[in-house]
Each structure stands twice: as structure tokens, then as C-alpha cells.
There are 2 protein chains.
Amino acid sequence: MRPKIPSAGNVTVLERLRDAGLRPTRQRLALAKLLFARGHRHVSAEQLFNEAKAQRVDVSLATVYNALHDFTSKDLLREISIDSSSSYFDTNTGDHHHFYFEQSGRLEDIAAHQVSIAALPAPPGGAKISRVDVIVRLKG
Amino acid sequence: MRPKIPSAGNVTVLERLRDAGLRPTRQRLALAKLLFARGHRHVSAEQLFNEAKAQRVDVSLATVYNALHDFTSKDLLREISIDSSSSYFDTNTGDHHHFYFEQSGRLEDIAAHQVSIAALPAPPGGAKISRVDVIVRLKG
DNA sequence: CAAGAAGATTAGAATTATTCTAAGTTGTTG
DNA sequence: CAACAACTTAGAATAATTCTAATCTTCTTG
């Protein structure tokens with residue numbers, strides 16, 4: 001039995017947007033719900049756009065792109081481009097890595113603690129590391 | 001003093017193409033020379049196309065794309081897509097990784113022996129690893 | 001709560017990287 | 001050197017993404 005708070009899902013998502021400094025508009029709320037409703041996901045703009053349509057949420061493709069980028073700049077999402085044909089947005093913004101199934105183009109998370117990078121050279125020119133991505137490409 | 005073999009560079013490149021099972025056409029030879037003449041490089045199709053033009057090598061952009069893909073499929077090049085806007089071709093096909101300068105979009109090789117990945121989870125579903133890419137993203 | 005400004009949304013055009021098409025050219029092999 | 005497959009090409013086509021400029025919303029603030 002869940003507590004009977006009306007539209008609890010909405011409230012959470014609304015707070016996430018506000019906390020990030022993004023106006024919780026109708027379309028952002030709807031998209032954020034699709035993205036964050038449950039578990040971590042890897043979605044393309046086109047995919048999210050189609051999901052929205054399927055649920056009769058009326059958003060333009062441009063808005064989907066805008067929202068994805070806005071969310072990314074506020075660290076609610078992380079952008080991944082492995083395959084140059086299109087990019088994916090990952091709802092998991094924590095430290096982690098990826099399996100990439102070359103055949104299907106699917107991505108799967110690898111928890112950070114499952115990978116250990118024992119040595120890395122110092123960045124040239126004293127540059128600072130913004131992050132280290134490990135992509136394990138799979139044939140199957 | 002180098003030995004006076006006429007167009008030694010050509011001969012090498014020609015052999016590389018033949019060994020790979022690619023017909024050494026005029027345009028492939030020219031492009032291969034630009035690519036492999038000295039040291040390792042990371043080039044985009046557009047870049048290579050411009051270099052060719054600059055040297056009055058008459059190739060169409062389609063041929064540049066064809067050649068890059070043909071070379072890649074024969075392991076003379078390796079394709080890298082980090083930034084979804086365009087992909088790069090790396091003349092270093094050996095085991096190695098990359099620094100990626102987020103500001104400039106530039107790539108720099110990291111020798112394989114400089115990175116040590118101590119642990120990796122088993123690929124799901126018994127898939128085989130085709131390769132592991134480590135990308136160290138740099139802020140500077 | 002009304003009004004205005006800042007911020008968001010939108011349809012559709014524009015842009016960019018890349019691939020395709022179909023016709024002409026060239027390298028290789030017998 | 002003929003024949004054929006492989007290659008090249010200009011330009012059209014496609015796909016993902018961004019831009020434009022007009023219109024709507026949301027958030028102050030009085």
C-alpha cells in the first residue's frame with residue numbers, strides 16, 4: 001500500500017526541476033517523468049519524443065532537444081556519444097561506465113566500483129580531468 | 001642520407017593497400033599518403049578532404065568517406081566517435097586510449113601501457129569484448 | 001491578482017555530417 | 001589487351017540536430 005499523496009511522482013519531479021533552477025513547465029515535467037519515473041535509462045531524443053507522443057503528451061521535437069540539453073547542463077542527465085549517428089542521454093549521472101552492444105546499439109551501465117583503473121598518465125599541459133569514460137564494446 | 005629508391009613513400013603505401021586487399025587507386029594512394037606519411041593522426045573526413053584539396057589531389061568527398069571506411073574495415077584505421085557531431089579516424093590501430101580536450105575537440109593518444117584496468121565485470125550474456133575504450137576527458 | 005519581463009515552446013526552415021544513386025572510369029586477371 | 005569487377009563521382013537524399021522568429025507561460029513585483 002502506497003501512501004495516498006496525490007500525484008507524488010509529479011511533486012518529486014517538480015522539485016527536481018526547481019532545485020536545478022529550471023522552470024517546471026508542463027512539457028519539462030512530462031519529459032522528466034518519462035525519464036526519471038523508474039530506474040536508470042539511456043534514451044535518444046527521438047525515443048523520448050516517441051514515448052511522449054505515445055502518452056499523448058504534446059511536445060515538439062525541438063522541445064525534447066531543448067529539455068535534454070537543459071537537463072544535461074543542470075546535471076540531471078549525462079550525454080553519451082558512442083555511435084556517431086545519434087547521442088544518448090543517461091539518467092544515471094553518477095560515476096559509472098558502460099557496456100556497449102555493437103550489434104544492437106544498446107548501452108548497459110557498469111557500476112563504478114566494478115571497474116578499477118589502476119594507473120593513468122598525468123593530463124598534458126596540466127589540464128584537469130573532467131571525467132574518465134570506460135566503454136566496453138561487446139561483439140555479441 | 002636516405003637510399004635513393006624513387007618514391008619510396010608511394011611503394012610502402014601501395015603495399016599497405018595491396019596487403020589489405022584494397023585496390024591501390026590514385027585517390028586511395030593519395031589519401032593513404034596523407035594519412036600515413038608520418039606519425040599517428042586523428043582526422044575527420046572533412047579535414048582529410050581539405051588536405052587533399054590543398055595538395056591539388058582531386059578527390060570527391062564521397063571518395064574520402066569511402067576510403068576512410070574501407071581503410072577502417074581493413075584495420076588500417078580505427079573510427080572514434082566521442083563528440084556526436086562528427087567522427088574521427090585514428091591512424092593508430094593498436095591498443096591505446098585517448099585524452100579528449102573538451103574545449104578544442106582535440107584527441108591525443110595514451111599508450112596502452114600507461115593505463116591499467118585492474119578489474120572489469122564479465123560481459124552480460126556471455127558476450128565477447130571487442131575492445132575497451134578509455135577516454136579521459138579534459139577540461140582545459 | 002494584474003502586468004510585464006524573462007523564459008519556454010513551437011512549426012517549420014536551415015544546417016551539418018554522412019550515405020546513396022546511377023553513370024562513368026580504372027585496375028586486375030586471364 | 002579484353003572483360004569485368006571494383007572504384008570514383010556529382011549531386012540528390014537522408015538523418016540528426018539546431019535555428020528562427022512568433023507565440024505562449026511562468027514568475028515576479030506592486
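By convention in this document, chain letters (A, B, ...) are assigned in the order of the sequence lines, proteins followed by strands, and residues within each chain are numbered from 1. Because the structure is predicted, anything quoted here is derived from the model rather than measured.
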If you compare every side-chain N and O of [X] against the phosphate oxygens of [N] (OP1, OP2), does one of them come in below 4.0 Å?
X	N	result
B:Arg23	C:dT26	no
A:Arg18	D:dC27	yes
A:Arg28	D:dT26	no
B:Gln27	C:dT25	no
B:His69	C:dT19	yes

Protein-nucleotide distance ([X], atom [atom1]; [N], atom [atom2]), rounded to Å:
X	N	atom1	atom2	value
A:Phe89	D:dA16	CZ	C1'	11 Å
A:Lys53	C:dT10	NZ	P	13 Å
A:Asp83	C:dA17	CG	P	17 Å
B:Leu68	C:dA17	CG	P	14 Å
B:Leu61	C:dT19	CG	C1'	10 Å
B:Leu29	C:dT28	CG	C1'	15 Å
B:Asn50	C:dA17	CG	P	11 Å
B:Glu46	C:dT16	CD	C1'	9 Å

Between A:Leu22 and B:Thr63, which has a closest nucleotide on DNA chain D that is more 5'?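 Its nearest nucleotide being more 5', the pick is B:Thr63.
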I want to confirm an ordering. Mapping B:Gly21 and A:Ala45 to their closest nucleotides on DNA chain D, which one lands closer to the 5' end?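 Whichever sits nearer the 5' end wins; that is B:Gly21.
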With no hydrogens and no angle check, just 3.5 Å: does a side-chain donor-acceptor pair link B:His42 and B:Asn92?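 On atom types as modelled, these side chains do not qualify, holding no pair under 3.5 Å.
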Verify whether one side chain among B:Asp109 and B:His97 offers a donor that lies under 3.5 Å from an acceptor in the other.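 Absent: no donor and acceptor within the cut-off.
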Just call it for A:Asn66: base, sugar-phosphate, or nothing, with non-hydrogen atoms closer than 4.0 Å on any strand.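 Answer is base: heavy atoms of A:Asn66 come under 4.0 Å of a base.
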Which part of the nucleic acid, if any, lies within contact of A:Asp58, taking any heavy atom under 4.0 Å across all strands shown: a base, the sugar-phosphate backbone alone, or nothing?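 Sugar-phosphate only.
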What distance do B:Leu29 atom CG and B:Leu34 atom CG have between them, rounded to the nearest 0.5 Å?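 So the CG of B:Leu29 and the CG of B:Leu34 are separated by 11.0 Å.
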Nearest to the side chain of [X] - [options]?
X	options	value
A:Thr25	C:dT10, D:dT8, C:dA8	C:dA8
A:Tyr65	D:dT8, C:dA17, D:dA16	D:dA16
A:Ala62	D:dT17, C:dT10, C:dT19	C:dT10

Which residue, B:Ser85 or B:Pro24, contacts DNA chain C at a nucleotide closer to its 5' end, judged by nearest heavy atom?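 With B:Ser85 and B:Pro24 compared, the 5'-side residue is B:Ser85.
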Which residue lies toward the 5' end of DNA chain C, B:Ser87 or A:Arg26, if each is placed at its nearest nucleotide?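 That would be A:Arg26.
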Listed pairs under 3.5 Å, donor-acceptor, residues 77-87 of chain A side chains, sequence neighbours left out:
residue : atom : partner  : partner atom : Å
A:Arg78 : NH1  : A:Gly94  : O            : 3.1
A:Arg78 : NH2  : A:His96  : O            : 3.4
A:Arg78 : NH2  : A:Asp133 : OD1          : 3.3
A:Glu79 : OE2  : A:Ser87  : OG           : 3.0
A:Ser81 : OG   : B:Ile82  : O            : 3.0
A:Ser81 : OG   : B:Ser84  : N            : 3.4
A:Asp83 : OD1  : A:Ser85  : N            : 2.7
A:Asp83 : OD1  : A:Ser85  : OG           : 2.4

When you compare the side chain of B:Val136 with that of A:Pro121, does any pair of heavy atoms fall below 4.5 Å?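 No, too far: nothing below the 4.5 Å cut-off.
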Is it the case that more than 12 heavy atoms not belonging to A:Arg26 sit under 6.0 Å from its CZ atom?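 No, the 6.0 Å shell around CZ holds no more than 12 heavy atoms from other groups.
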